[in-house]
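Just so it is clear, the structure is predicted and the values come from calculations on it, not from any experiment. Naming: A, B, ... by sequence-line order, numbering from 1 per chain.
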Number of protein chains: 4
Amino acid sequence: MRAITYQAVEEVRVQDVPEPAVQDPTDVVIRVTLAAICGSDLHLYHGRIPGLVPGYVLGHEYVGVVQEVGPQVRTLVPGDRVTGAFNPACGACGPCRRGQYNLCPNGGVLGYGLAFGNLGGTQAEYARIPFADTTLRKVPDHVTDEQAIFTGDVLTTAYGAVKNSGLVPGETVAVIGAGPVGLMAVQSARVRGAGRVIAVDLIPERLELAERLGAVPINAAAANPVSRVLSLTGGDGADVVVEAVGGTKTILMAFDLVRPGGRVMAVGITSEETLEYPLMASLSKDVTFRIGVANVVRDIDETLSLVAAGRIDPTAVVSHRLPLAEVPDGYRLFAERKILKALVVPD
Amino acid sequence: MRAITYQAVEEVRVQDVPEPAVQDPTDVVIRVTLAAICGSDLHLYHGRIPGLVPGYVLGHEYVGVVQEVGPQVRTLVPGDRVTGAFNPACGACGPCRRGQYNLCPNGGVLGYGLAFGNLGGTQAEYARIPFADTTLRKVPDHVTDEQAIFTGDVLTTAYGAVKNSGLVPGETVAVIGAGPVGLMAVQSARVRGAGRVIAVDLIPERLELAERLGAVPINAAAANPVSRVLSLTGGDGADVVVEAVGGTKTILMAFDLVRPGGRVMAVGITSEETLEYPLMASLSKDVTFRIGVANVVRDIDETLSLVAAGRIDPTAVVSHRLPLAEVPDGYRLFAERKILKALVVPD
Amino acid sequence: MRAITYQAVEEVRVQDVPEPAVQDPTDVVIRVTLAAICGSDLHLYHGRIPGLVPGYVLGHEYVGVVQEVGPQVRTLVPGDRVTGAFNPACGACGPCRRGQYNLCPNGGVLGYGLAFGNLGGTQAEYARIPFADTTLRKVPDHVTDEQAIFTGDVLTTAYGAVKNSGLVPGETVAVIGAGPVGLMAVQSARVRGAGRVIAVDLIPERLELAERLGAVPINAAAANPVSRVLSLTGGDGADVVVEAVGGTKTILMAFDLVRPGGRVMAVGITSEETLEYPLMASLSKDVTFRIGVANVVRDIDETLSLVAAGRIDPTAVVSHRLPLAEVPDGYRLFAERKILKALVVPD
Amino acid sequence: MRAITYQAVEEVRVQDVPEPAVQDPTDVVIRVTLAAICGSDLHLYHGRIPGLVPGYVLGHEYVGVVQEVGPQVRTLVPGDRVTGAFNPACGACGPCRRGQYNLCPNGGVLGYGLAFGNLGGTQAEYARIPFADTTLRKVPDHVTDEQAIFTGDVLTTAYGAVKNSGLVPGETVAVIGAGPVGLMAVQSARVRGAGRVIAVDLIPERLELAERLGAVPINAAAANPVSRVLSLTGGDGADVVVEAVGGTKTILMAFDLVRPGGRVMAVGITSEETLEYPLMASLSKDVTFRIGVANVVRDIDETLSLVAAGRIDPTAVVSHRLPLAEVPDGYRLFAERKILKALVVPD
């Protein structure tokens, strides 16, 4: 089959590779009908993630049709249209039993290399999905592939951060970064009852989109986000800040934007080892901080329901639809921030 | 001053009565700028509530301007524009300390007669509000009187029911009764993340309004609500049912509409002593049932924030605006269900 | 194998029946090392449950050793010592996905007849447990069979009721009925932080045991429980009442014992169709009521942890240990309330 | 009156100072019947807190009898025996309205100098308590002064950390530091349902006390706490870690002790500006971190109920009872860690 494979730093290509097959009895193989390029794929592209070898298939977002099921798969049959978590979970270990599927030691991340379970990717014609009963969900008939694909990663990542924040309806949420995850955070905050949502970014187009989705935009290139947020909140600061960039600078900004007693939720995938945490300031401000990889399996039923009911429209962020042949170019343009969100149509 | 007073069963009138004054040190007297007629006022009108005497001032919804403050009032000064709970709470007793302001033994209900604290009403030029620090809230500048008045009763009653239900975003909420409280429940369910909201009523105009506010309407005169709700939910039933009528028949309907494991929240003010509770059916369905008077003081900050942020527009239900002189007619028309919601403009 | 079977109303016997085998791929067959007679078995014994046929194997509490596993069982192997829920759940349907395993339409109740899934019972040398991955748990080494067996029903039933009540540490819990479930409710309330626990019963021995487990005993034969509870709580009533008897009279007593804003949790298995629900009184008291079958799969990890850590000792209620041959007599003595809790040792 | 006053770094003395009087209408003056020296007083003693002047009265723990009440005090009268929060809260501002009394901008900390509201201290014969209705609680008759005093700071600080952690009953809690706050954390974790509690310290006597209170002791001088905790938890780590020391080294240890998905709650009062936060490790572990000053007003009713019901005995940590004359020596011995907890008896 044809697939997008890693070759070297900043080099990916379309390559013919063997089709995946069921290996473990809980596997499913899907024919991929839609994939996507994720912001976190850029870490792979730039060679910042160890454990990539030439020829490795990339991609972890997907919608597809079940092709083959392992003998222990109970809930799916060939022909089912499915989407699922970018991070499969076994459903049977301690963390899974207590609902922390993102911490499953038996899972990993699809298409993210040897350090993350050595699972194949989804930017391909076919993909093997382990632990299918836990990882996959059938897509309701009237939900399109383009809507469904976001529930497997970007939307549910953002949604989970808002959920973990313990948002009280009526509160103000500031989102740092109006890329795909940030824009999903804007929508998630709205649907969970935020009063005002504020989006901070540097790119006017992204801020316009954030505004259309219901946020008050702040262009950090033109205004000081801290003084703007304080002024918008009567001097208090935001109740919740979602950091959707992934840098320590933006995380530290989050501590400045948040009100006393507030919560900082970092969902950007950082590549820095440590953060100069404002300990004394947090002591008096009583701030809660959490950074972690999304618990998609826990939350995907909620996001899928909300999409099915028309409460969230994740497709608002789609800027490009690429056949496999154009995906290598897509990676480059995405790295140059000329693409907001590219879907991949394996055809 | 002029006020609407009870005279006899189904007879209210505009009458000159003495202006209220500060009696207790925690009192405030407000000049009423907006009042309203509430569905629960009809119980008084029809003589179903004991403890009414001729000349008693009615009304418990209000926005006004602080005129006089008692010596123990700490948060308000003359000139403040305020709204507040229909059921004042002392803020200092056991139930208030644990946040159950609706159970304060020192409060009562404004304009609801001797059995409810013998507090004067708000369908008048002036009103005395006890326990002002706990009961009242300043209205933000850009929130209108017509928006604010709903946070003191109708909106917050509905909102509290949805909140008490433990709604999980994405769930389906069925609302029985599309009167003012029911329509606020539709909006509250939406803002707290409901996937689908279903409204059941008999009056086409109310159902149209429910639909405009985001609900799927079911006319119980034309279709069986139980089979319709089951069909809309794939045979499961609604996750949450809000009963906003107040009869045992509609409460029993709620038990038929709710799915196994669901929750029935009754906010209609019933006048019946007992209910033939479906015990065995609930045992196997694991249904939670709650009926109670709204905890407005607990929730008014949330609803006021949501109105201020434009997330809820309670004025959608306003059908009439009446000067005091027309209020007696208004009671009659409201009792005949020819009015959806009448505001009262004291001068 | 030898097993306890139903023969006719109030007649059970030891009978030779065929050994169960794996039928479905998610089944496990266990060699039963410990079973028990449950209060709810008396409904079967007295012929109050439809769907029993002569020769049907009774019993739904169990500890055992895995003997045979179906091909889709992922978490267990022969030799594992296990206990599990009396009500197996498939783990894959809608209710299971949202954590309401007690409402699984594919499960049932072990040993409870044709109306409850026609599953065989555990008062036998061997038993078939469906949906083993979801239903069963390995028993930690230092937890005895006698401790573990309670986590599959009686303890977790009581514990779940306390959990569902939303108990705030420091609150007062009244338990009506000091049988096995009631005594587990006493312990569960304590471990979840109840300030004072009150136990109401008629039998002095049960009340003595309740007192030893930390409760204030009230003998309803000697004192009016309502006035006693009110006096113990400064006139307020209990924050939470757990009804562990199963009659409408005791449920109505619960409404009298509970404080305004309190919660009534009924876990006794009722056999009455309806309850004359105190609607008007609940409206002003704002009481929450819930009756339902226990969600053991949801809570068994918590109770097993608490037993393993020595925080709860369920064996305090064990009064008899019977070999199979004595179980028919045991049913009779239990029905006469001469037994508090009888364990069954199959060989 | 006589009081303990700050003089210079590491110099306090008994001094005659003017008796406090009611200044603001919400004030109460109490005759102090019991005070204490707190670990956080050592920061003052060592001169690490700016804003202390010679002659300033120290102390923020207290039980007393109401002597004089301001005209806006509604819930207290002279003669009431009271205890209360070390950090008074106005009860009327935004943070107080949403229950975050520890963030009240109008409060401060009693006896903690000019930077914390310039409020007088309680190591004195009399003390002025601002915002008395919000800050104080009547002590139930059968609760002793020595029990009650802990609810105003040390116990409730620890209890709040356990509560904020979202502890699920059955989970394992590790407490770093077995001083007074740590030992209260051990008891709080137990009462809120912890399965196992582990205490880490260097001082054998403190560890013995921790063990008596139900903890598994780890002497960090004799064993590696990380490997011990991992081994006690089957390699997982603790679900919750309460850091009760106040140093960055112990906070970093907490990150090593906590399991993936766990929560680190820091309650030790730190004097360091920043922490080298393990960002990347936390990303993959999904750890939640919170540091903050205790919300005593929010939680004191719970802790007082638990003490009244005999569920927590905070007096277990009392090692010394000092008249005012011996308090200067007490500070010295406490700084040398020769005192675990000293109460102060003003006369």
B:D133 CG to D:Q72 CD distance, which is reported to the nearest 0.5 Å: 8.0 Å

Side chain / backbone / both / neither for D:P71 at chain B, heavy atoms under 4.5 Å: backbone

Side-chain touch B:R97/D:R137, heavy atoms, less than 4.5 angstrom: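 Yes - at least one pair of side-chain heavy atoms lies under 4.5 Å apart.
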
Partner chain D: residue of B:T26, B:T134, B:D301 with the largest heavy-atom pair count (under 4.5 Å):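 Sorted descending by pairs with chain D, the first entry is B:T26.
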
Chain D contact via B:R298 - side chain, backbone, both or neither, heavy atoms under 4.5 Å: neither

Region of B:C90 in contact with chain D, defined by heavy-atom distances below 4.5 Å: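 Both backbone and side chain.
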
